[in-house]
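Because the structure is a prediction, the values reported are computed rather than measured.
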Amino acid sequence: VSAVGFVFGIDRANSVPPITVEPASLTAAPAETLVIAVNAPAQANVRFATTLGEFDSLIGTPVTGKVIDVPVVGGVASASLSASQAGLATVQVFDAADSSISDSITVAISAPASDAAKITLQADPTVVPLSIGTLEGASRLVATVRTDNDQAVGGAAVAFSTENAT
């Protein structure tokens, strides 16, 4: 029997920082961790698994790994996710005794802005149409910032300017 109103699953509001959009975001180590809280009102242990990065248990005997079991305390189990590489991680949580009870979330992991080394710029369309009368020619610019090792960088400032804009 579980507490009224609580079901098994990732508690996005009580994760640290709160997960307000998906994919959630995380900067690769050593900059950040994402503490994932799981409501587990009828479970004894929660299994945390990730496709990228590593979990650390936050209570009891320290345990680290891509897959760890964490005891439930007060109806909640929490583990801290960190990563040394950029990429997209799928995080899954399961009732350790019944894997059919589960939840998942996607986490976008990026290199820190201080590691920015190169930029790729794409324009759509690649040639800006001529502005005539009330019709204005425009192009959408997308900048992708990467490290020397081609890892995606998050939060890097990118500035654009134009010459002869008329």
Quick one: salt bridge (Lys or Arg N to Asp or Glu O under 4.0 Å) pairs with a partner in residues 105-119, sequence neighbours left out? K118-D150
Any I109 side-chain heavy atom under 4.5 Å of Q85 side chain: no
Indicate yes or no for a side-chain donor-acceptor contact from K66 to the backbone of F55 under 3.5 Å, with no hydrogens or angles considered. no
Measuring only between side-chain heavy atoms, which start at C-beta, is L58 closer than 4.5 Å to S80? yes
Decide yes or no for I36 and S78: does some side-chain heavy atom of the first lie under 4.5 Å from some side-chain heavy atom of the second? no
L135-V128 co-clustered via ILVMFWY side chain contacts under 4.5 Å: no
Between the side chain of S110 and the main-chain N/O of T27, is any donor-acceptor distance below 3.5 Å? no
Under the criterion side-chain contact (heavy atoms from CB on, under 4.5 Å), I'd like the reasoning laid out for N45 against V72: C-alpha separation, chi angles, the key distance, then a yes or no. CA-CA 5 Å; N45 291 290; V72 175; 5.6 Å; no
Co-membership, hydrophobic cluster, residues V153 and V158, 4.5 Å side-chain: yes
N149 side-chain N/O to Q151 backbone N/O, donor-acceptor pair under 3.5 Å: no
Residues 88-97 side chain polar contacts: donor-acceptor under 3.5 Å, at least two apart:
unit_1: D95; atom_1: OD1; unit_2: A97; atom_2: N; d: 2.8
unit_1: D95; atom_1: OD2; unit_2: Q43; atom_2: NE2; d: 3.4

Tell me, do L141 and F160 make a side-chain contact under 4.5 Å, heavy atoms counted? yes
Chi angles and distances behind the side-chain contact (heavy atoms from CB on, under 4.5 Å) call for S15, V35: CA-CA 6 Å; S15 293; V35 176; 5.9 Å; no
Just by distance, do the side chain of T50 and the backbone of E54 share a donor-acceptor pair under 3.5 Å? no
For E22, look at atom CD and say whether over 12 heavy atoms of other residues, nucleotides or ligands are found less than 6.0 Å away. yes
Between D69 and R47, does the salt bridge (charged side-chain N to carboxylate O under 4.0 Å, His left out) criterion hold? Intermediate values first, please. CA-CA 4 Å; D69 287 351; R47 181 163 294 144; 2.7 Å; yes
Which other residues belong to the hydrophobic cluster containing L130, where Ile, Leu, Val, Met, Phe, Trp and Tyr are joined when side-chain heavy atoms lie under 4.5 Å apart, directly or via other members? I132
Heavy-atom closest pair, residues P23 and A108: CB-N, 3.9 Å
Checking S139 side chain against P125 main chain: does a donor-acceptor pair fall under 3.5 Å? yes
Min side-chain heavy-atom separation L34-V107 under 4.5 Å: yes
Minimal non-hydrogen separation, A83 against G53, with atom names: CB-CA, 3.8 Å
Looking at D103 and I10, would you say the former's side chain and the latter's main chain have a donor-acceptor pair under 3.5 Å? yes
Nearest heavy-atom approach of A152 to A86 is O-CB, 3.7 Å
With heavy-atom distances below 4.5 Å as the criterion, would you say the side chains of V38 and D11 are in contact? no
Step by step, work out the side-chain contact (heavy atoms from CB on, under 4.5 Å) result for I119 and T144. CA-CA 6 Å; I119 185 171; T144 304; over 6 Å; no
From CZ (F48) to CG (D56), nearest 0.5 Å: 11.5 Å
Report whether L81 and V63 are members of the same hydrophobic cluster (ILVMFWY, side-chain heavy atoms less than 4.5 Å apart, transitive linking). yes
Closest heavy-atom pair, A49 versus V67, reported as atoms and distance to 0.1 Å, is CB-CG2, 3.9 Å
What are the two closest heavy atoms between I68 and G65, and how far apart are they? CG2-N, 3.6 Å
Check S131 against G137 and note the closest heavy-atom contact, atom names and distance. OG-N, 2.9 Å
Do D124 and V142 pass the side-chain contact (heavy atoms from CB on, under 4.5 Å) test, and can you show the C-alpha distance, the side-chain angles, and the key distance before you say yes or no? CA-CA 8 Å; D124 182 29; V142 176; over 6 Å; no
